[in-house]
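Presented below is the structure to which this report refers.
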Amino acid sequence: MQKGISVKKLINDPQSVVAESVEGFGLAHADVVEIRTDPLYVLRVGGAVTGKVGLVSGGGSGHEPLHAGFVGHGMLDAAVPGAVFTSPTPDQIAPALIAADGGAGVVAIVKNYTGDVLNFETAAELAEAEGTQVRSVIVNDDVAVEDSLYTAGRRGVAGTVAVEKIAGAAAARGADLDAVVAVAEKVIANVRTMGVALSACTVPHAGRPSFDLTDDEIEIGIGIHGEPGRHRIAAAPADAITEMLLTPVVDDLALASGEKVLLLVNGMGGTPLSELYIVYRQARSLLEARGVEVSRSLVGNYVTSLEMQGASVTVLRLDDELTTLWDAPVHTAALRW
Amino acid sequence: MQKGISVKKLINDPQSVVAESVEGFGLAHADVVEIRTDPLYVLRVGGAVTGKVGLVSGGGSGHEPLHAGFVGHGMLDAAVPGAVFTSPTPDQIAPALIAADGGAGVVAIVKNYTGDVLNFETAAELAEAEGTQVRSVIVNDDVAVEDSLYTAGRRGVAGTVAVEKIAGAAAARGADLDAVVAVAEKVIANVRTMGVALSACTVPHAGRPSFDLTDDEIEIGIGIHGEPGRHRIAAAPADAITEMLLTPVVDDLALASGEKVLLLVNGMGGTPLSELYIVYRQARSLLEARGVEVSRSLVGNYVTSLEMQGASVTVLRLDDELTTLWDAPVHTAALRW
Amino acid sequence: MTLGPEWALDWTRLTAQAMTEHRAELIELDRQIGDGDHGENMFRGFSAVVAKLDALAEPPTTVGDVLKLVATTLMSTVGGAAGPLYGTAYLRAAKVTMVDDLDGAGVVAMLEAGLEGIVVRGKANPGEKTMVDAWTPAVAAAVAAARDGATPTEVLTAAAGAAEQGAKDTKDLLATKGRASYLGERSIGHIDPGATSSALVIRAAAETAARVAG
Amino acid sequence: MTLGPEWALDWTRLTAQAMTEHRAELIELDRQIGDGDHGENMFRGFSAVVAKLDALAEPPTTVGDVLKLVATTLMSTVGGAAGPLYGTAYLRAAKVTMVDDLDGAGVVAMLEAGLEGIVVRGKANPGEKTMVDAWTPAVAAAVAAARDGATPTEVLTAAAGAAEQGAKDTKDLLATKGRASYLGERSIGHIDPGATSSALVIRAAAETAARVAG
Ligand SMILES: Nc1ncnc2c1ncn2[C@@H]1O[C@H](COP(=O)(O)OP(=O)(O)O)[C@@H](O)[C@H]1O
Ligand SMILES: Nc1ncnc2c1ncn2[C@@H]1O[C@H](COP(=O)(O)OP(=O)(O)O)[C@@H](O)[C@H]1O
Ligand SMILES: [Mg+2]
Ligand SMILES: [Mg+2]
Ligand SMILES: [Mg+2]
Ligand SMILES: [Mg+2]
């Protein structure tokens with residue numbers, strides 16, 4: 001087997017990974033979340049805030065701290081974890097939607113994968129039947145998936161953090177359902193991401209790495225489910241790789257000189273923070289060379305793919321509204337200011 | 001070569017890893033730090049606070065976010081990064097000590113390694129010669145190193161975060177040099193750590209993993225420099241491993257029923273957050289079974305060993321003073337509340 | 001020979017057994033062009049179905065009762081893309097099988113409803129490298145066999161063979177739906193996991209029908 | 001024959017060359033029982049020393065001048081344990097060699113001062129598996145040779161052989177100082193990197209002395 005891959009894990013039974021991990025998470029962060037089991041979901045401590053639009057997200061596990069790490073004040077009201085890399089089921093999602101409803105309706109933030117979209121769709125129907133108004137937004141920031149005519153459409157990846165943070169801030173300051181959906185859609189329209197993998201990851205139940213990569217190969221255009229990327233190239237210096245990631249992002253956004261952006265360098269889980277800052281340094285310098293101002297930054301492991309080594313570069317075009325909402329207070333397990 | 005090891009990195013020239021990474025770090029966190037080059041160190045933005053005791057730490061790089069990620073308000077005033085896993089030199093440390101001096105003297109927080117101790121010793125002499133009063137505390141929380149008669153003494157590992165946070169809070173609320181040293185020593189006397197590695201890490205210039213481990217072996221009692229541990233055992237479930245880590249920690253602290261503690265589960269860099277919460281869950285349950293109350297928690301990658309897979313369990317005995325100082329506001333790149 | 005609720009129970013249990021036996025194979029197929037969970041998802045779902053069957057107080061009185069239980073259980077335990085797709089397929093199939101016994105035409109109607117459910121949910125056309133590429137030839141073969149007056153067992157056996165061939169034939173297809181579509185050209189050369197599990201489901205139907213038929 | 005500043009320059013450059021050539025070997029030794037940086041540290045330090053030598057405006061007038069430059073440069077570029085230890089060794093050696101020329105006794109005094117610097121800083125006793133275990137036999141051999149009236153070259157050659165043997169003999173020792181001590185029993189069976197680099201330093205001294213002596 002190739003290097004860069006470990007099949008060893010700090011787990012007990014592969015079947016109970018999600019339940020045990022979420023339980024530990026709930027114990028460690030009892031100041032911001034409470035855990036509901038059977039069905040399993042994570043709720044903001046104290047439950048829905050009366051009169052506030054609720055925000056719910058979810059998806060397969062393995063991307064921690066996404067989504068549970070973003071439940072709390074000023075971001076999500078509930079998160080629904082599926083099995084590792086497997087979208088949760090409607091009977092988990094629907095109760096979370098209902099629990100997050102403070103009477104002003106709920107926005108479901110769904111990453112664009114067939115499974116997530118279908119399961120959230122059904123869940124929304126179930127919740128609506130119980131009297132909870134649900135609106136969904138679909139995050140699809142991954143520019144690696146080029147032509148949506150020939151694919152299931154762009155994937156939702158690291159840009160999800162920006163959607164959750166900004167929509168969460170809008171809801172916290174009292175925006176109504178339409179307004180929260182509108183600002184979420186605005187983020188989605190202005191955020192793009194591209195990722196690289198230096199190694200694969202190992203899904204607990206699979207017991208072997210998600211793809212095979214030799215010592216001098218890397219995958220460009222990966223998603224966050226350990227899937228192979230669009231193409232494989234020879235290993236290259238960080239500066240060159242960063243340019244390969246940033247260029248399609250900037251081009252797709254058609255960023256012009258003078259614009260301001262949020263630059264998010266996201267680790268896939270197994271890459272040292274120090275390397276993320278090397279990528280950040282180069283991405284920032286390339287943006288500045290185009291006259292783009294990096295007015296906000298985030299560097300760290302936010303939307304991961306288990307222990308995969310690699311990173312993604314996300315750019316969000318900012319205006320005053322989005323900047324103010326980004327800066328608004330947030331208090332969750334993984335994001336706080 | 002064994003699995004669990006990648007020699008691929010998101011870097012450019014191995015010789016410039018630290019400089020580029022720190023540069024990126026400084027750009028991303030210009031709200032809390034400023035970077036000094038030649039010699040290289042990280043300073044709290046705006047420099048020393050007049051009348052406040054300065055706090056400086058440092059050591060080899062490769063443990064990010066330690067120490068630079070803890071520079072800011074309520075924690076460190078300066079951090080000095082050496083080459084990867086190599087203590088910085090006196091001519092880097094001395095200017096940082098001097099720059100952190102607001103007139104009330106400086107406390108140097110040194111992890112107990114021969115290199116760090118010797119280089120900080122020389123630096124303190126140089127800084128004293130320039131009129132900066134320097135006191136040093138030596139962090140040595142690693143219970144894996146059993147008998148200091150036959151070793152260089154216990155190593156400083158993840159407990160360093162608690163020392164820096166709590167001493168930083170004391171300094172921020174106006175404690176004088178003696179008082180800051182006293183509270184740092186109190187933390188040191190009451191904090192213990194033990195770690196495990198599931199895989200090794202690769203130092204950039206070495207180009208090959210720091211030790212060899214087969215697919216069904218793990219190392220118990222590791223440090224944070226990719227060194228092998230005290231012994232090697234067959235891979236085991238997370239709950240069993242956690243017990244092996246927690247037991248010597250609790251025994252060494254002689255924790256009694258009814259006591260309160262801070263429980264820190266620290267990732268070595270390449271282990272998913274979800275697994276750290278599985279370890280946290282079991283460590284907490286074992287502590288509670290002994291009647292020990294986990295009144296504060298921290299789970300995440302704080303003192304890492306590049307991309308090593310593994311974790312450490314740290315317990316700090318808390319009293320009201322330490323709890324209040326732990327809870328005090330902090331605003332750094334990696335710790336904020 | 002017709003097929004009743006007893007058969008539907010046998011079919012379901014044999015499907016669960018097939019998912020256990022082929023769990024690793026389906027994981028491996030999904031690892032190649034997806035995210036490596038399809039075998040685990042189907043295994044988890046059908047294990048839950050068997051648990052539900054074991055706990056049944058009353059024996060089901062129609063084929064549709066069994067299929068509805070399978071539908072709701074898969075929907076709430078499988079997750080991913082396969083959960084809603086199989087869930088809807090079984091739900092639609094249940095609606096047209098709320099009868100004691102299925103003859104050849106009844107079996108055809110059941111398969112048609114299943115395929116319809118998948119297409120309604122997933123909006124895939126044939127040739128997009130999905131489970132539709134197992135179900136479409138299966139339904140066509142079933143229709144042809146029934147037209148020739150085949151027994152339910154013969155209808156299902158024809159459908160199973162066609163589904164297996166359909167699944168194999170996904171190898172040369174370029175994926176344009178589901179997770180494999182992200183791979184673009186690199187999806188070619190790999191068999192679709194969902195089409196493979198679909199063929200297992202239909203083969204289990206045929207095998208248990210043959211047993212009932214004696 | 002005596003050894004002057006020219007020799008000290010040659011010695012230093014040859015040491016730098018040795019650290020370049022043995023960089024990977026020293027990293028590998030340190031990887032086994034330490035943190036894998038010793039070769040890189042010594043390489044970085046002596047590369048900086050050579051850069052400083054190349055930039056010298058005036059040629060140094062004593063051996064001590066050269067050794068002092070080496071000392072301060074190592075101190076500010078090596079880091080880790082080796083930086084302060086070698087730095088202090090060279091600094092102490094410099095203090096006793098502020099002369100034009102060293103005879104056999106002068107060479108002995110230089111080596112003794114170097115060892116003393118290491119011990120003052122690191123507080124290791126012989127047998128703790130550190131660089132002290134190369135320097136201690138080296139000094140002993142140098143003392144013995146000088147007592148027998150050996151030339152500086154002969155003194156250094158004796159010291160180099162003893163240092164090499166001392167470094168080799170660290171293999172069977174249990175480390176109780178430095179990073180290797182954390183390994184406990186597992187440190188046995190590996191040669192100490194710092195003792196090995198020490199032997200390289202002293203061998204370079206002997207080789208360049210032999211060249212000067214013709
Ligand atoms: N739009 C679709 N229509 C029909 N089948 C689909 C569609 N999308 C995916 N599939 C099927 O689902 C299978 C994958 O299921 P699974 O791995 O369980 O879910 P996920 O893709 O969410 O991980 C694919 O092999 C394919 O056969
Ligand atoms: N207390 C000590 N006294 C003498 N030599 C020591 C001592 N501690 C360590 N050493 C030497 O230092 C060497 C390691 O140097 P190096 O790898 O550069 O530093 P570090 O251990 O900080 O990574 C060891 O091989 C040993 O010879
Ligand atoms: Mg999946
Ligand atoms: Mg070192
Ligand atoms: Mg899948
Ligand atoms: Mg070393």
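All chains are named by letter (A, B, ...) in the order of the sequence lines, taking the proteins before the strands, and each is independently numbered beginning at 1.
- For chain A, the nearby part of C:Ala175 is the backbone; its heavy atoms alone come within less than 4.5 Å.
- The two residues A:Ala206 and C:Gly36 make their nearest non-hydrogen contact at CB-O, 4.4 Å.
- Here the CG-CZ distance, from C:Asp37 to A:Phe85, works out to 9.0 Å after rounding to the nearest 0.5 Å.
- Side-chain contact check for A:Thr114 and C:Arg121: no donor-acceptor pair (N or O, by modelled atom type) lies under 3.5 Å.
- If you take CE on C:Met75 and CG on A:Asp91, they are separated by 10.0 Å, rounding to the nearest 0.5 Å.
- One finds the OG1 atom of A:Thr86 at 8.0 Å from the CD atom of C:Glu40 (value rounded to the nearest 0.5 Å).
- Only the backbone of C:Thr77 has a heavy atom closer than 4.5 Å to any heavy atom of chain A.
- Relative to the ring axis of A:Phe211, C:Arg31 does not place its NZ or CZ within 45° and under 6.0 Å from the centre.
- Listed here is the closest heavy atom pair of C:Tyr182 and A:Arg155: CZ-CG, 3.2 Å.
- When the heavy atoms of residues 184-192 of chain C are compared with those of chain A, the residues falling under 4.5 Å are C:Gly184, C:Arg186, listed by number.
- A donor-acceptor contact shorter than 3.5 Å is absent between the side chain of C:Arg179 and the backbone of A:Tyr113.
- Of the inter-residue distances, the one linking C:Phe43 atom CZ with A:Gln15 atom CD reads 6.0 Å to the nearest 0.5 angstrom.
- In plain terms, the two heavy atoms of C:Asp35 and A:Val203 that are nearest each other are O-CG2, 4.1 Å.
- The nearest pair of heavy atoms linking C:Ser76 to A:Thr89 is O-OG1, 3.3 Å.
- Under the 4.5 Å side-chain criterion, counting only non-hydrogen atoms from C-beta, C:Ile27 is not in contact with A:Arg208.
- Summarising the geometry, atom CG belonging to C:Asp30 is positioned 11.0 Å from atom NE2 belonging to A:His225; distances are rounded to the nearest 0.5 Å.
- Between the side chain of A:Asn119 and the main chain of C:Gly80, a donor-acceptor pair closer than 3.5 Å is present.
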